[in-house]
Structure formats: C-alpha cells, structure tokens
Undergrad: 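Can you read through this structure? Questions will come right after.
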Amino acid sequence: MRLRRLLPTPPILTSSGNDAWEFLCSHAAGLDPDHRLRLSVSRVVQGGGTPRLGSLACRVDLLDLGGDSVPPGLILCLDERGGGDGGRLARATWVAWGLPRPSVNLFLVPLLARASAEMHDADTQAIHEIILSNTFLENNIPSRVTVEDALTPLSYRIYPDSPIAEIQQLMMRRGVAALPVVGANHELLGIITSADVLTHTLSGRESGGPAGRNAPVARDLMTRSVLCVSEDESLLVASRSMISRGASMLPVVRDGEIIGFLTRGTVMRAFAEAIVI
C-alpha cells in the first residue's frame, strides 16, 4: 500500500503544546463521525486504553492506535514553537492505525524515523514539503507481510564435500549461525548450524582424536530433514511454525532453491510490543 493512500485529510495537524494523545482526542471529536481518525480514536477510548508510545528520533514519537477495525491511516501532529522562532518544530508525533504490527515495526517505523531526521529543526513549510513529496508518498507499506518481506537474504552456501574446518572458519569470519548445503543445481540438501560444528569440535577434543584425512565434511554433520517455508507464506503462519518446532531459523525456498533464512530475531522485531528502530 502506497503511503499516499494512508494519509487522510488533513495529513498534518498542528497542536498547541498539549499532550499528544489529549490533543488527538480533542481534534478527533470535531471530525465527521465516519472519519477514519475519529473512528480509531473512539475505539481506543471506548476500550479504556491509551495507545502505545515509542520514540522514533529526537523530539519525535509514534502513537500506534493499533487494531484493524478501520482502514489504515497515518498523520503527523506538530507541536510548533511560537513567536520569533520561525514556526520550527518543537515536537512531532506520528499517529498510525489500522496496520498490522509487522507492517508498523518492520516498514513504517524505519521510514518515519528517516523522515523525522530530515525534519529536524525544519520549519513548517519544509515539513509540509517533505510529507507531501513523491519521495515520501510513493513508499510502499505492505499490509500483508510475507516471509519474503522479512527474510535475511542468502549470502553464503556450501557443498556436501566442504570440510568442517572451512565451514567453521566461514561461520566465524562472516558471523553466520547456519549455512545451507546445496547440490549442483543449488537445490537444498540440508542445513549445518554452528551448534553442529561446535558439537563436533568439542567431541573431538574430548576424545583426543586428531583431525586427519578422515575428518568429516558437511554431508556428515548436516541435518537432512529440514522444515522450510516458501517466500509467499504469511509471516504470522511461518512464525508459528518456527515456535512450534523450536527452530531458531527457517530456510526460505523458491522453486526448491534456498533464497534466505527467516530468523527468530526478525520475528521478535516484527511482533514486538515496543517501538523498535
């Protein structure tokens, strides 16, 4: 969904230094009964709660109204300095609603943080130009987040006859915790993890066996039966599979070829209650 479709009218509100949530409630009360913002604020108020607040940048916060009962929206509340300061920003609050949490955490929050950095100490006219520019409005925020949107692209792969010593060095040098073992056509044959390599290393030390010509290769230690997910699967469904299997990461495949990994860290970030940038 393009950002321009998320902005109702007006896309920018100017406050007078009130608490952002109080200002929003008072402003929404004057909107049409079926206005998206008024419906979202009313739902939060009727639920007896307050929106979660997170810091995006210096003097910039995000109020996430949450929920999916109304179409998604996004506005910017500006608390302007008065007098001779040229109407420069004192504080800003982005207000988002109707988007799933992974859409907010993985896509909207980083985008708003970058936009907020551009607005730092900008005057009102400059802020309007940033928000209404095609550079900002043409950004896409997926409302249905798939595994493809959240995967870590594949950087390295190994082959069945790759020596364990080389695999260990690659993992340490590149900071990767798992490597796919692929065939001649890059089809996935198995996965070897840092835990597999460590188990082999420690067992070798405990037994006192030297690493000679019969030292194992990838095919000897890899896990052959691997749970994979497709790139177009829902992130929520894939995350539940990861949790139920106790997996730290899942290989992501396209037409039988591995293209990346879905990691626990990304899943945690996607569904975190806190605002994460």
Side-chain angles (χ1 to χ4, degrees), residues 1-18 20-21 23-24 26-28 30-32 34-41 51-68 70-146 148-150 153 269-270 275-277:
M1 180 181 297
R2 300 295 178 187
L3 269 176
R4 63 172 67 254
R5 294 184 58 193
L6 297 182
L7 298 177
T9 302
I12 301 175
L13 305 178
T14 303
S15 74
S16 57
N18 297 335
W21 175 232
F23 166 72
L24 198 62
S26 62
H27 175 82
L31 298 173
D32 292 337
D34 59 348
H35 193 283
R36 289 186 292 167
L37 178 58
R38 179 167 178 172
L39 292 174
S40 296
V41 170
R52 60 185 181 137
L53 177 67
S55 178
L56 291 177
C58 179
R59 303 200 309 274
V60 181
D61 299 316
L62 172 68
L63 284 176
D64 183 5
L65 302 188
D68 55 5
V70 293
L74 174 68
I75 63 172
L76 175 63
C77 296
L78 295 178
D79 177 9
E80 294 180 320
R81 295 174 183 160
D85 202 13
R88 291 185 179 275
L89 170 67
R91 189 155 200 89
T93 303
W94 293 97
V95 181
W97 68 91
L99 286 169
R101 184 160 295 157
S103 296
V104 174
N105 288 357
L106 295 180
F107 300 99
L108 186 60
V109 165
L111 174 63
L112 298 186
R114 292 193 298 270
S116 298
E118 294 180 30
M119 297 179 206
H120 185 64
D121 284 335
D123 58 28
T124 305
Q125 180 60 35
I127 290 173
H128 276 75
E129 291 176 356
I130 293 171
I131 300 304
L132 300 179
S133 68
N134 285 334
T135 302
F136 181 75
L137 294 177
E138 287 303 307
N139 280 284
N140 186 52
I141 305 296
S143 56
R144 177 185 180 270
V145 180
T146 65
E148 182 182 16
D149 297 317
R269 180 184 182 91
I275 303 298
V276 181
I277 57 174

Undergrad: Output the distance between atom CG (L99) and atom CG (L65), rounded to the nearest 0.5 Å.
TA: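 Reported to 0.5 Å precision, the distance equals 11.0 Å.
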
Undergrad: Would you indicate whether the side-chain heavy atoms of H27 and L37 approach each other to under 4.5 Å?
TA: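 Counting from C-beta outward, L37 and H27 do come under 4.5 Å.
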
Undergrad: Quick check for you: to the nearest 0.5 Å, what is the distance between L111 atom CG and L106 atom CG?
TA: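 If we round to the nearest 0.5 Å, L111:CG and L106:CG are 13.0 Å apart.
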
Undergrad: If every non-hydrogen atom of F136 is compared with every non-hydrogen atom of N139, which pair is closest and at what distance?
TA: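 Looks like O-ND2, 3.0 Å.
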
Undergrad: Indicate yes or no for a side-chain donor-acceptor contact from D149 to the backbone of T146 under 3.5 Å, with no hydrogens or angles considered.
TA: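 Between the backbone of T146 and the side chain of D149 there is a qualifying donor-acceptor contact (under 3.5 Å).
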
Undergrad: Assess the side chains of S116 and W94: does a donor N or O sit below 3.5 Å from an acceptor N or O?
TA: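 Yes, W94 and S116 have a side-chain donor paired with an acceptor closer than 3.5 Å.
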
Undergrad: Kindly indicate, with the supporting measurements, whether the criterion side-chain contact (heavy atoms from CB on, under 4.5 Å) is fulfilled by V104 and L62.
TA: CA-CA 10 Å; V104 174; L62 172 68; 4.1 Å; yes

Undergrad: May I ask you to test the F23-L13 pair for a side-chain heavy-atom distance under 4.5 Å?
TA: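 F23 vs L13: side chains touch.
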
Undergrad: Side chains of L24 and V41, heavy atoms from C-beta outward: is any pair under 4.5 Å?
TA: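 Yes; the side chains approach each other to less than 4.5 Å.
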
Undergrad: Is the backbone of T9 close enough, under 3.5 Å, to the side chain of H35 for a donor and an acceptor to pair up by distance?
TA: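 At least one qualifying donor-acceptor pair exists.
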
Undergrad: Would you call T93 and L78 a side-chain contact if the rule is heavy atoms closer than 4.5 Å?
TA: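 Heavy-atom side-chain distance check fails, nothing below 4.5 Å.
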
Undergrad: Any chance you could measure S133, atom OG, to H128, atom NE2, to the nearest 0.5 Å?
TA: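 So the gap between those two atoms works out to 12.5 Å.
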
Undergrad: Minimum heavy-atom separation for P110 and N105, please, with both atom names.
TA: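 The answer is CD-O, 3.6 Å.
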
Undergrad: Got a second to check how far I131's CD1 is from I12's CD1, nearest 0.5 Å?
TA: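 The CD1 atom of I131 sits 5.0 Å away from the CD1 atom of I12.
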
Undergrad: Is any side-chain heavy atom of P8 closer than 4.5 Å to one of I75?
TA: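 Touching, per the 4.5 Å side-chain cut-off.
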
Undergrad: Holding to side-chain hydrogen bond (donor to acceptor under 3.5 Å, both in side chains), I want the full list of residues that pass it with S103, two or more places apart in sequence or in another chain.
TA: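 Scan of S103 (side-chain hydrogen bond (donor to acceptor under 3.5 Å, both in side chains), adjacent residues dropped) gives none.
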
Undergrad: D61: what forms a side-chain hydrogen bond (donor to acceptor under 3.5 Å, both in side chains) with it, not counting sequence neighbours?
TA: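 Expected list: R91.
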
Undergrad: Would L137 and L7 count as a side-chain contact (heavy atoms from CB on, under 4.5 Å) if you check the C-alpha gap in whole Å, the side-chain angles of each, and the deciding distance to 0.1 Å?
TA: CA-CA 9 Å; L137 294 177; L7 298 177; 3.3 Å; yes

Undergrad: Could you work out, with side-chain hydrogen bond (donor to acceptor under 3.5 Å, both in side chains) as the rule, every residue matching E129, not counting sequence neighbours?
TA: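 side-chain hydrogen bond (donor to acceptor under 3.5 Å, both in side chains) list for E129, sorted by chain: Q125.
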
Undergrad: Shortest non-hydrogen contact from N140 to P142?
TA: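 Nearest heavy atoms, N140 then P142: O-CD, 3.8 Å.
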
Undergrad: Measure across W97 and P71 and return the closest heavy-atom pair with its distance rounded to 0.1 Å.
TA: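 Nearest heavy atoms, W97 then P71: NE1-O, 3.3 Å.
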
Undergrad: Counting C-beta onward and ignoring hydrogens, is there a side-chain heavy-atom pair between V95 and L74 closer than 4.5 Å?
TA: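 They are not in side-chain contact.
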
Undergrad: Counting only heavy atoms from other residues, nucleotides and ligands, does the tally under 6.0 Å from CZ of R5 exceed 12?
TA: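 Counting neighbours around CZ of R5, 12 or fewer heavy atoms of other residues, nucleotides or ligands fall under 6.0 Å, so no.
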
Undergrad: Taking D34's backbone N and O only, do any of them form a donor-acceptor pair with D32's side chain (distance below 3.5 Å, no angle check)?
TA: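 No, D32 side chain to D34 backbone: no donor-acceptor pair under 3.5 Å.
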
Undergrad: Restricting to non-hydrogen atoms, name the atom on R36 and the atom on G73 that form the minimum distance, rounded to 0.1 Å.
TA: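 Result for this residue pair: NH1-CA, 4.1 Å.
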
Undergrad: Minimum heavy-atom separation for L56 to V109, with atom names?
TA: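 Closest heavy-atom pair between L56 and V109: CD2-CG1, 3.5 Å.
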
Undergrad: Do P11 and L132 touch side chain to side chain, with heavy atoms closer than 4.5 Å?
TA: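 Sidechains of L132 and P11: in contact.
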
Undergrad: Return the CD1 to CG distance between I141 and L3, rounded to the nearest 0.5 Å.
TA: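 Separation between the atoms: 5.0 Å.
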
Undergrad: Can any side-chain N or O of R38 pair as donor or acceptor with the backbone N or O of L31 at less than 3.5 Å?
TA: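 Yes, the answer is positive, given that a donor and an acceptor are paired below the 3.5 Å cut-off.
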
Undergrad: When rounded to the nearest 0.5 angstrom, what distance separates CG in L53 from CG in D64?
TA: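 With rounding to 0.5 Å, CG (L53) is 10.5 Å from CG (D64).
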
Undergrad: Within a strict 4.5 Å, meaning less than it, do heavy atoms of the I127 and E118 side chains meet?
TA: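 When only atoms from C-beta onward are counted, E118 and I127 do not touch, as no gap falls below 4.5 Å.
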
